[in-house]
2 protein chains.
Amino acid sequence: MTAPQGWEDIRAEVLRRIERRDWAPGAVIPTEAELAAEFGCARATVNRALSELARAGVLERRRRAGTRVATHPVRKATLDISVIRLEVEGRGQSYSFRLLGRSEAEPPPVIASHLGLAEGAQLLHLTTLHFADGQPFLYEDRWLNPDVLPEDLPGPELSVNEWLVKTVAYTAGEISFSAASAGTEEARRLAVPEGAALFVIERATWLGAAPVTWVRLSYAPGYRLRTAV
Amino acid sequence: MTAPQGWEDIRAEVLRRIERRDWAPGAVIPTEAELAAEFGCARATVNRALSELARAGVLERRRRAGTRVATHPVRKATLDISVIRLEVEGRGQSYSFRLLGRSEAEPPPVIASHLGLAEGAQLLHLTTLHFADGQPFLYEDRWLNPDVLPEDLPGPELSVNEWLVKTVAYTAGEISFSAASAGTEEARRLAVPEGAALFVIERATWLGAAPVTWVRLSYAPGYRLRTAV
DNA sequence: TTGAGTAATATGTCTATACATAATGGCGCC
DNA sequence: GGCGCCATTATGTATAGACATATTACTCAA
């Protein structure tokens, strides 16, 4: 066997020992210095490898206490939250969208309180339907805080969704994924029967303390969000 | 203003400049060497900060071409895929489960082909109902490859889910999230009307080329998977 | 026995330097 | 002008050494 060279090799070797149960879950593994001596590399290189594994949830590291194999390996799945156009085009389909409604209004209390808005605050309310290959793909229900918008809204060539990610910064955000039965409006827009199971992403973002946007994305039936682990 | 000290300070400062649009999306930012000179630190420190931001999707880095602000900031949401018991207990509810069925059978063709199984291969089929505070919370439909199991199946104190995570390694995996209408079996088990919108996680894992498990988790209505961005 | 104080230790980070690697831009050749 | 090669350049990684920091383990006194 060739000795591990770079930090990725060392990571692989450590992972292999964990999978082979040379190092059992919960057990303390050798220190960085010891591993560096064994692999014949600098401690920093071992540190890089072990840090990556700790970030991935495979190891747990604490100063002075050492490094141990995680007993409950919390596998972290990373989802890429992208622009809808790119998501559609990434599936090899053609993208289009249509702005359905635009108004200034007071958001429902649930949304207002979630965003931390004062009572009676007016937000911009935009509803958009996104298409993949001409078929309804996603219904977007968005509330926007006009105070944080640096420029005018985009022209018809850019969806609000895409314009937002390119121009409005935010410092904190929440995402939730759930399933919901299609309501009257969603069903009509997506051309599905009322009550159909829709995959729903709700997202709220803030810029500092100021709410930026709240959006609910209802995907047409059949949609799957995928990722590798 | 005090000069940034560690790599986290530098990361914060860079992020601030991006959010203030000192560095616009798509623009090339100064090189590591230049930033190191400006901040009065080693290049490795700047490298650490910029690498983190690149990993987070805020920056795009390419050798020789330099570092630029991402035009399509692909926000990466990381989900912690944990043991179901911990998920329930993390919500402050009491956890229990019941093994509903256990048999050896040939999986449906969809699953078999997805896993890359030979035709006619027999898998262990386990169905489990998980409860939160005594209420049906999650219906688990699992197919297990007996060849990769290192030990006997767990006793009644540990759910298959938890036992698997702690004892079976895997090298590759896929997760998908979707919404589905409750089928007859799911509806009966979760005590919801047929056709109710369920949040579904499907997951397949392999150990090298060998399939390990395929599982479908159907959550009772109202379930939300949350994460921060 | 208990608690406070202290020494020991493993990880976390930074530095300076060096070389590796990928990708670009320009140069020269045809 | 077009094409291929090569020097340049910015990032990626490795190194040894140093100091910082968190936390444990130990010692000693009340």
Side-chain angles (χ1 to χ4, degrees), chain A residues 1-15 17-18 22-71 73-74 76, chain B residues 1-15 17-18 22-71 73-74 76:
Chain A
M1 166 200 132
T2 44
Q5 287 299 325
W7 69 266
E8 289 184 297
D9 289 332
I10 292 177
R11 180 184 58 179
E13 173 61 18
V14 170
L15 201 51
R17 293 187 185 179
I18 293 171
D22 295 343
W23 297 332
V28 176
I29 75 172
T31 65
E32 292 184 352
E34 287 164 352
L35 289 174
E38 181 195 338
F39 295 139
C41 67
R43 184 169 76 87
T45 308
V46 175
N47 179 280
R48 175 78 190 267
L50 298 187
S51 299
E52 293 286 333
L53 288 172
R55 184 203 299 268
V58 175
L59 295 175
E60 286 168 2
R61 320 194 72 201
R62 270 176 34 240
R63 278 172 170 154
R64 162 76 222 229
T67 302
R68 52 184 67 232
V69 180
T71 37
V74 175
K76 290 178 166 52
Chain B
M1 171 199 127
T2 43
Q5 289 297 325
W7 69 267
E8 289 184 296
D9 289 332
I10 292 176
R11 179 183 60 179
E13 173 61 18
V14 170
L15 201 51
R17 293 186 186 180
I18 293 170
D22 295 344
W23 297 332
V28 176
I29 74 172
T31 67
E32 291 184 351
E34 286 164 352
L35 289 174
E38 182 194 337
F39 294 139
C41 67
R43 184 169 77 87
T45 308
V46 175
N47 180 279
R48 176 78 192 267
L50 298 188
S51 299
E52 293 286 333
L53 287 172
R55 183 203 299 268
V58 176
L59 294 176
E60 286 167 2
R61 321 195 72 200
R62 267 172 40 238
R63 278 173 168 152
R64 159 78 219 224
T67 302
R68 53 183 66 232
V69 181
T71 35
V74 175
K76 292 180 165 52

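Here is the naming used below: chain letters follow the sequence lines, and residue numbers restart at 1 for every chain. When reading the values below, keep in mind they use all heavy atoms of this one structure, side chains included, and skip hydrogens, waters and symmetry mates. What you are looking at is a predicted structure, and each value in this text was computed from that prediction instead of being measured.
One can place CZ of A:Phe39 at 17 Å from C1' of D:dT15, the figure rounded to the nearest angstrom. Distance, A:Glu52 CD to D:dG12 C1': 13 Å, rounded to whole Å.
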Give the C-alpha distance, both sets of side-chain angles, the deciding distance and a yes or no for side-chain contact (heavy atoms from CB on, under 4.5 Å) between B:Glu38 and B:Leu35. CA-CA 5 Å; B:Glu38 182 194 337; B:Leu35 289 174; 3.9 Å; yes

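Between A:Ile29 and A:Ile18 the shortest side-chain heavy-atom distance does not fall below 4.5 Å.
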Sugar-phosphate atoms are those with a prime plus P, OP1 and OP2; base atoms are the rest. Using that split, label each nucleotide of nucleotides 4-13 of chain C B, S or - for protein heavy atoms under 4.0 Å, 5' to 3'. ----BBBBBB

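Only one option out of B:Arg11, B:Arg55, B:Arg61 pairs with B:Leu50 in a side-chain contact (heavy atoms from CB on, under 4.5 Å); it is B:Arg61.
Residues passing the side chain to side chain contact (heavy atoms under 4.5 Å, CB included) test with A:Arg64: none are found, sequence neighbours excluded. B:Arg68 pairs by the side chain to side chain contact (heavy atoms under 4.5 Å, CB included) definition with B:Val28, B:Glu60, not counting sequence neighbours.
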